Every structure is written in C-alpha cells, then in structure tokens.
Engineer: 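This structure is in structure tokens; I'll ask about it shortly.
Letters A, B, ... are given to chains in the order of the sequence lines, protein chains preceding strands, and every chain is numbered from 1. Worth knowing before you read on, the calculation uses all heavy atoms, side chains too, and leaves out hydrogens, waters and symmetry mates. It should be emphasised that the depicted structure is a prediction, and the values quoted were computed from it without experimental measurement.
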Amino acid sequence: MARAEAAGIRVDMEYMETKHAHLTRQMAYQEKKFKESKFFKDWEKSQGKEPNMNSPVQLATFLYGVMKRKPPKLTKSGKGSTDKETLTSLNIPELNYHLEAKKLKKIRDYLDAFKREQVDGWMHTNFNLHLVSTFRSSSDKPNFQNIPKRDKVAMRATRQALYPRKGHQLLEVDYGQLEVRISTCVNKDPQLIHDILKGDMHADMCKEIFQIKNFDNNNKDHHYLRAATKNGFVFPEFYGDYFKNCAEALACQWGELPKTRWKAGQGVEFEGKHLSDHLIAQGFTTLDKFTLHLKKIEEDFWGKRYKVYARWKEKHWRQYQKDGYIEMLTGFRCQGVMSKNDVSNYVIQGPAFHCLLWSFIRLDEFIREYKLNSRIIGQVHDSIVFDVHPDEREELIKLVRDVTTVLLPKAWDWIQIPLDVDFEICGVDESWAEKRKLEV
DNA sequence: GGAACTCGCCAC
DNA sequence: AAACGTGGCGAGTTCC
C-alpha cells in the first residue's frame, strides 16, 4: 500500500481550475433561481435573516416547524429528514433548484479535495489497513475509494481531473461478485454456487416478485426490473435487510409508485402500460399487499432456495454467542459486541478484501521482480488500479489474470469457487473518465 | 476554541 | 425481536 501511495496519481490543475469556475457559475445560477422563489423568501422571513442553504437543521425547522409539513421520512435520530428523496416527495418545485445546487457543490467538493491534497500536480492518497472493523481497508486525504462512478455527470467532472504518468494509461481490474462468491466458502450453499456459476438469481427473483411469466432480458422493461430486483431485493437481503424495506424500495424507489393506493397509469413503463397496471392486474392494489407478497418471497428465499446459507447464519450466530468472537477464513478474529447482521457480514467482507489484498501484494512483487515501468496506484476493496506503460500492457493483463484467478485459489485452499475478473482501460494519456470495458 | 455529534452523500 | 454491512468527508451544530 505504501508503494501505491508513493506512486500517486497525476492531477490536471488546469482542468480543475476551469471546471471549478464552471461549476461555481452553474451553482450560482441555481442558487439565484432558488433565492428568487417564494419558498425561499418565506424561509428568510421566518428566520429574520438569510437562511444557510447548507444547513439541514434550518431547512427542517422551516419545513416541519414553520410550514407544518408532515415529514415524509425521519432521520436516524427521529427528526424530519431533508435528504434528496424526502425533499422530492414534498413536491415543492422550488426545491429542485436547491437540490441541483447541492449536487453541483458535491462535485466541486471533490475537485477542492484533489487540489488541496496534491503536491506539484501529484496526489498521494492514504490507504489504511488498521481502521476498519471488518479488516477491510479505508482511504483518505483524499478518499480514493468514493470517487463518483454511477452518475455520469459527476463521474466525468471528477475523473477528468485524474491522469496516469505521461505516455502511460490507467487500467483497473475488478473481481466480479467477489463478496457473494466468498460467502459460499463459508456457507457452502449448493443453490447459491449453482446460481453464481450457471444461473441468474436476479432474473429468477424478478419473475417471482413482479409475476412475469415470459421473462426476457432483452425486453428493456424486464431488464430494468431485474436491476431493481438485484439492488432492491437480492443484495439487501444478503446484507440482512428484510421484506418491508425491500417492498417499499422496489415499489416506490424503483417502480416510482406512491405509498398510497395504486391507480392505473402509475409508475415506470411496463409492456406498453405502467407498472401499476401490471401489479393491479396481479392483485396488488396497495403497497401493503405487495409487502405481504414480499414477505412470502423472503420466506421462500431463505427457507427453501438458500436454506443452507440460512442454516449457516444461525449456526454461526450461536457460535459467536458461545465464544464471544468470530474468526475469518483468513485467520483474523473479531471480538466485541456485534449484531446478528454484523456477525454474518464481517466474515464475508473481510476475507473478500483479503483476496484483493493477496493479489495486490503478489502483483506488486511481480512488478518489482520484472522491473516493470508500470505501477499499482490504488485499490477500491475489490479492484486494483494500475498506471501502465503501453509496451507492458498485454504482459501485465495476463499476469493479473493469472494472479487473481489461478495463483490466489492455489494459495488458499478454502477458496472453493472459481473467481472471475473484469478489466477496464483508458487510452494512453487519457483521463480516468475515459475508462471503458476491455474485452480480453 | 476545539471536540464530538448530526446529517447527507459518495464508494464498495 | 429486529430490521442493510463497511468507510470518508463537508458543513452545521452542540457540548465542554
């Protein structure tokens, strides 16, 4: 890790200055529109001075104290929430300016951090191996592990600042489904192993949840609901969430349906109509009925489909209660007060990262042994980022594949499932925003 | 005046 | 009975 920190990543100071100014202008426009609104003027009047737009407390006081709106959602400590989802559901159009300004600021904050942390145009982030309860890593100054990726605007704006050495290119290797695969090494669930290697658990659950008889992944509506199922049911269930949260996430967040009684023509598009038309036809006229349906799906998920996994969870939990600690396949021990979810998640998250760490160390050794000009410059839990010399690219890709999928399972005999990696690459002298899938 | 907490949001 | 795991960080706010 220290060698990756020392290698560092190049930042484009000129781009950051231009983009910073650009974002500031865009923010100023959105803020101006917001400040002109009746909503903002009422807020200002109620406070007797200019409200601080960065203060969730001031906004919550106005919305829920002065305006007497009913909080659609509460924070962890039980106060009215002001997050994006909540503000959107309040249906106050003026707040969209505020949300847009906040989004732009968030992007600008990344550039501020890059600029603050760089030295002579080089950024050397820290990778910590001693801070995380599960024996994962963390990263800071700046955090290399949370640079925007899904939101295309934020992704481009931030990653366009980050470059390899002159004449080099950035390469990222990513373990596919690492945590789920490693989970089978402790739970030994045959159905889960089958689904990972040959099946499609997300499609299977999607069919059941949304009652789709002729599921087709090439149908874009089906494809969308499959992604919704993956992110709104399967993953949350694996981490220990339960049917009520999943039902609401699927219906309201992904399906864009209301929490009240469903009517025709609501929600995302589905087979020429809308999701509500389809769900009502299946007998789900309210979120409550859909929730009850999810309860049954969950019972089947853990009681039948992945019953071996479920039995492991119970056994593992009893073992922790007896011993007062848990042990990982990689030999690390966690002690102290842990919840049931913690106990099953820790022993998966930790060893999954240790697979990455072993590969990282071995590849670093090879790079030094072969005196390559390429460098490892970072790591994001299940991926490694390289700064590659083009002449070494093909050799390095072969080496990476060998280390991550052959040598690692050879070194640790408890890895009883094939591992798989994906590659993403940028062109020579291109920024990290240009990365695209590499077909190998 | 700094430490500690809260909220919100980015990543895996 | 309980109810999604791990972080970092900006910014506001409260505590001491």
Engineer: Determine the contact category for A:Gln58: base if any of its heavy atoms lies under 4.0 Å from a base atom, sugar-phosphate if only primed atoms, P, OP1 or OP2 are that close, otherwise nothing.
Structural biologist: sugar-phosphate
Engineer: Scan the side chains in residues 402-412 of chain A for donor-acceptor partners under 3.5 Å anywhere in the protein, sequence neighbours excluded, and list what turns up.
Structural biologist:
| unit_1 | atom_1 | unit_2 | atom_2 | d |
| --- | --- | --- | --- | --- |
| A:Thr404 | OG1 | A:Val400 | O | 2.7 |
| A:Thr404 | OG1 | A:Arg401 | O | 3.4 |
| A:Thr405 | OG1 | A:Arg401 | O | 2.6 |

Engineer: How many Å lie between CD on A:Glu172 and P on B:dA11, as a whole number?
Structural biologist: 13 Å
Engineer: Just list the side-chain donor-acceptor pairs under 3.5 Å for residues 104-113 of chain A, sequence neighbours left out, or say none.
Structural biologist:
| unit_1 | atom_1 | unit_2 | atom_2 | d |
| --- | --- | --- | --- | --- |
| A:Lys105 | NZ | A:Asp109 | OD1 | 3.4 |
| A:Lys105 | NZ | A:Asp109 | OD2 | 3.2 |
| A:Arg108 | NH1 | A:Thr24 | OG1 | 3.1 |
| A:Tyr110 | OH | A:Asn146 | O | 2.7 |
| A:Asp112 | OD1 | A:His20 | NE2 | 2.8 |

Engineer: Where along residues 81-108 of chain A does a heavy atom fall under 4.0 Å from DNA chain B?
Structural biologist: A:Ser81, A:Thr82, A:Asp83, A:Lys84, A:Lys106
Engineer: Who pairs with A:Asp151 by salt bridge (Lys or Arg N to Asp or Glu O under 4.0 Å), at least two apart in sequence or on another chain?
Structural biologist: A:Lys103
Engineer: For A:Lys244, answer base if it contacts any base atom (sugar-phosphate contacts may also be present), sugar-phosphate if it contacts only those atoms, and nothing otherwise; contact means non-hydrogen atoms under 4.0 Å.
Structural biologist: nothing
Engineer: What's the CZ-C1' distance between A:Phe353 and B:dA11, to the nearest Å?
Structural biologist: 14 Å
Engineer: What I want to check is whether an N or O donor and acceptor connect the side chain of A:Arg150 with the base of B:dC10 at under 3.5 Å.
Structural biologist: no
Engineer: Base, sugar-phosphate, or nothing: which does A:Phe243 touch, judged by heavy atoms less than 4.0 Å apart?
Structural biologist: nothing
Engineer: With a non-hydrogen cut-off below 4.0 angstrom, is A:Ser139 in contact with a base, only sugar-phosphate, or nothing?
Structural biologist: sugar-phosphate
Engineer: By the 4.0 Å heavy-atom rule, please label A:Asn52 as base, sugar-phosphate, or nothing.
Structural biologist: sugar-phosphate
Engineer: A:Asn345 CG to B:dC12 C1': how many Å, rounded?
Structural biologist: 13 Å
Engineer: Rounded to whole Å, how long is the line connecting atom NZ of A:Lys79 with atom C1' of B:dG8?
Structural biologist: 14 Å
Engineer: Check this for me: A:Glu36, atom CD, are more than 12 non-hydrogen atoms of other residues, nucleotides or ligands nearer than 6.0 Å?
Structural biologist: yes
Engineer: A:Phe34 vs A:Phe40 aromatic rings, parallel, tilted or perpendicular, using cut-offs 30° and 60°?
Structural biologist: perpendicular
Engineer: Hey, can you pull the donor-acceptor pairs under 3.5 Å for the side chains in residues 284-294 of chain A, sequence neighbours left out?
Structural biologist:
| unit_1 | atom_1 | unit_2 | atom_2 | d |
| --- | --- | --- | --- | --- |
| A:Thr285 | OG1 | A:Lys289 | NZ | 3.3 |
| A:Thr286 | OG1 | A:Lys289 | N | 3.2 |
| A:Thr291 | OG1 | A:Leu287 | O | 2.7 |
| A:His293 | NE2 | A:Glu208 | O | 3.3 |
| A:His293 | NE2 | A:Ile209 | O | 2.9 |

Engineer: By the 4.0 Å heavy-atom rule, please label A:Ile147 as base, sugar-phosphate, or nothing.
Structural biologist: sugar-phosphate
Engineer: When we call it a touch if two heavy atoms are under 4.0 Å apart, what does A:Ser133 touch: a base, just sugar-phosphate, or nothing?
Structural biologist: sugar-phosphate
Engineer: Measure all distances between protein nitrogen or oxygen atoms and nitrogen or oxygen atoms of nucleotides 2-4 of chain B, and list the pairs falling under 3.5 Å.
Structural biologist:
none

Engineer: A:Trp432 has an atom CH2; how far is it from atom P of B:dA11, in whole Å?
Structural biologist: 12 Å
Engineer: Mind calculating the distance between OH (A:Tyr346) and P (B:dC12) to the nearest angstrom?
Structural biologist: 20 Å
Engineer: Going 5' to 3' along DNA chain C, which nucleotides are the first and last within contact of chain A (any atom under 4.0 Å from a heavy atom)?
Structural biologist: C:dA3 to C:dT13
Engineer: In whole Å, I'd like the distance from the CG atom of A:Asn231 to the P atom of B:dC12.
Structural biologist: 12 Å
Engineer: Could you check whether A:Leu131 gets within reach of a base, just the sugar-phosphate, or nothing at all, counting any heavy atom under 4.0 Å?
Structural biologist: sugar-phosphate
Engineer: Pair up each side-chain donor or acceptor in residues 320-335 of chain A with any protein partner under 3.5 Å, not counting sequence neighbours, and list the distances.
Structural biologist:
| unit_1 | atom_1 | unit_2 | atom_2 | d |
| --- | --- | --- | --- | --- |
| A:Tyr320 | OH | A:Gly336 | O | 2.5 |
| A:Tyr320 | OH | A:Met338 | N | 3.0 |
| A:Asp323 | OD2 | A:Gln319 | NE2 | 2.8 |
| A:Glu327 | OE2 | A:Arg333 | NE | 2.8 |
| A:Glu327 | OE2 | A:Arg333 | NH2 | 3.0 |
| A:Thr330 | OG1 | A:His354 | ND1 | 2.8 |

Engineer: Name all pairs fulfilling the side chain to side chain donor-acceptor pair (under 3.5 Å) condition that reach into residues 51-61 of chain A, sequence neighbours left out, sorted by first residue then second.
Structural biologist: A:Gln47-A:Gln58
Engineer: Would you find more than 12 non-hydrogen atoms of other residues, nucleotides or ligands less than 6.0 Å from A:Lys73 atom NZ?
Structural biologist: yes
Engineer: Can you give the donor-acceptor pairs under 3.5 Å from side chains of residues 223-230 of chain A to other protein atoms, not counting sequence neighbours?
Structural biologist:
| unit_1 | atom_1 | unit_2 | atom_2 | d |
| --- | --- | --- | --- | --- |
| A:Tyr224 | OH | A:Trp254 | O | 2.8 |
| A:Arg226 | NE | A:Asp200 | OD1 | 3.2 |
| A:Arg226 | NE | A:Asp200 | OD2 | 3.1 |
| A:Arg226 | NH2 | A:Asp200 | OD1 | 3.1 |
| A:Thr229 | OG1 | A:Leu225 | O | 2.8 |

Engineer: If you look only at pairs with a residue in residues 176-205 of chain A, which of them pass as a ring-ring contact (aromatic ring centres under 6.0 Å, His included), with sequence neighbours excluded?
Structural biologist: A:His202-A:Phe235
Engineer: Using heavy-atom distances to pick each residue's nearest nucleotide on DNA chain C, tell me which of A:Glu298 and A:Thr134 is more 5'.
Structural biologist: A:Glu298
Engineer: Who pairs with A:Pro71 by side chain to side chain contact (heavy atoms under 4.5 Å, CB included), at least two apart in sequence or on another chain?
Structural biologist: A:Tyr64, A:Leu74
